[in-house]
Structures are given as structure tokens and as C-alpha cells.
Amino acid sequence: TLAVDKADLVALHMDVLREIKRQLAPYVTCGLPITGATVISDGTTIDSLTVIDMVMALEERFDIAIPPNAVAEIRTVDDLTDTIISLHTR
């Protein structure tokens, strides 16, 4: 079952990343691709209210609750992806 679990985890990671990219796409105007290293919470990509809206949509989509202190520590797409996966797989 380890292989199945790993496959499920890879699928979840791809799903989460795809959804984050979809949510961020309207706000990234520099023409650069959205990657795991894309910074989302420095105030230059999107404002804090938009980050909160995006987090709420992701929480609903993946049936999780991200604690406010965890949201405050999220800087990049990878940070957000890892947070969602860790909460989703608990």
C-alpha cells in the first residue's frame, strides 16, 4: 500500500499546486510562470485581503482549516502547497 499512498500523495500535490496556480493566475501580471518559488505574500503579488480570500477558497476546496498563525508564515507557493497537504493528510 505504500506505493498507492505515494501515488495518492503525488496526485494530491499536483491537484493542490494546480488549484493554487489557478487562483493566483489573475494576479501575476509580470508574464513569469507561477512556480513553487513564486512569492505570494510579500504584498507585491497580491494584497493580504486577496491572500485571505484565496486561503478560504483553498480551505473549502480541500476540506481543511489553515490556522491563522500558519497563514502568516506562508510566503511561497511551495509553503502553501506543503501546508495544505500536511493538513489534508492528517
Side-chain angles (χ1 to χ4, degrees):
T1 60
L2 186 59
V4 172
D5 292 344
K6 186 166 178 65
D8 289 347
L9 195 58
V10 169
L12 175 62
H13 186 273
M14 290 177 64
D15 193 26
V16 169
L17 197 55
R18 184 172 36 251
E19 185 63 23
I20 292 170
K21 286 180 178 183
R22 189 185 70 74
Q23 298 255 351
L24 280 177
Y27 304 101
V28 178
T29 57
C30 57
L32 297 173
I34 298 169
T35 68
T38 300
V39 176
I40 56 175
S41 66
D42 66 354
T44 59
T45 306
I46 57 178
D47 61 46
S48 58
L49 187 58
T50 305
V51 170
I52 292 168
D53 288 344
M54 186 176 81
V55 166
M56 289 172 53
L58 291 166
E59 286 176 326
E60 187 173 317
R61 166 74 172 77
F62 294 102
D63 195 28
I64 57 166
I66 302 173
N69 62 324
V71 174
E73 295 178 13
I74 293 169
R75 285 193 30 79
T76 66
V77 169
D78 277 344
D79 292 342
L80 183 54
T81 302
D82 292 345
T83 300
I84 291 169
I85 289 170
S86 70
L87 291 167
H88 193 274
T89 56
R90 281 188 183 169

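No hydrogens, no waters, no symmetry mates; every other heavy atom, side chains included, goes into these values.
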Legend entry - Asp47 versus Thr50, side-chain donor and acceptor atoms under 3.5 Å: yes
Legend entry - side-chain hydrogen bond (donor to acceptor under 3.5 Å, both in side chains) against Glu19, all qualifying residues, sequence neighbours excluded: Arg22, Gln23
Inset, instruction - Determine whether more than 12 heavy atoms belonging to other residues, nucleotides or ligands lie under 6.0 Å from atom CG of Asp63. - result: no
Inset, instruction - Measure the spacing between CE of Met56 and CD of Glu60 and express it to the nearest 0.5 Å. - result: 8.5 Å
Could you pull out every donor-acceptor pair under 3.5 Å between side chains of residues 79-90 and any protein atom, sequence neighbours left out?
residue : atom : partner : partner atom : Å
Asp79   : OD1  : Thr76   : OG1          : 3.4
Asp79   : OD2  : Arg75   : N            : 3.0
Asp79   : OD2  : Thr76   : N            : 3.2
Asp79   : OD2  : Thr76   : OG1          : 3.4
Thr81   : OG1  : Val77   : O            : 2.8
Thr83   : OG1  : Asp79   : O            : 2.8
Ser86   : OG   : Asp82   : O            : 3.3
Ser86   : OG   : Thr83   : O            : 3.0
Thr89   : OG1  : Ile85   : O            : 2.8

Legend entry - Residue pair Leu58 / Ile20, side-chain heavy-atom distance below 4.5 Å: yes
Inset, instruction - Treat each ILVMFWY residue as a node, draw an edge where side-chain heavy atoms are under 4.5 Å apart, and state whether Ile52 and Val16 are in one component. - result: no
Legend entry - side-chain hydrogen bond (donor to acceptor under 3.5 Å, both in side chains) against Asp15, all qualifying residues, sequence neighbours excluded: Arg61
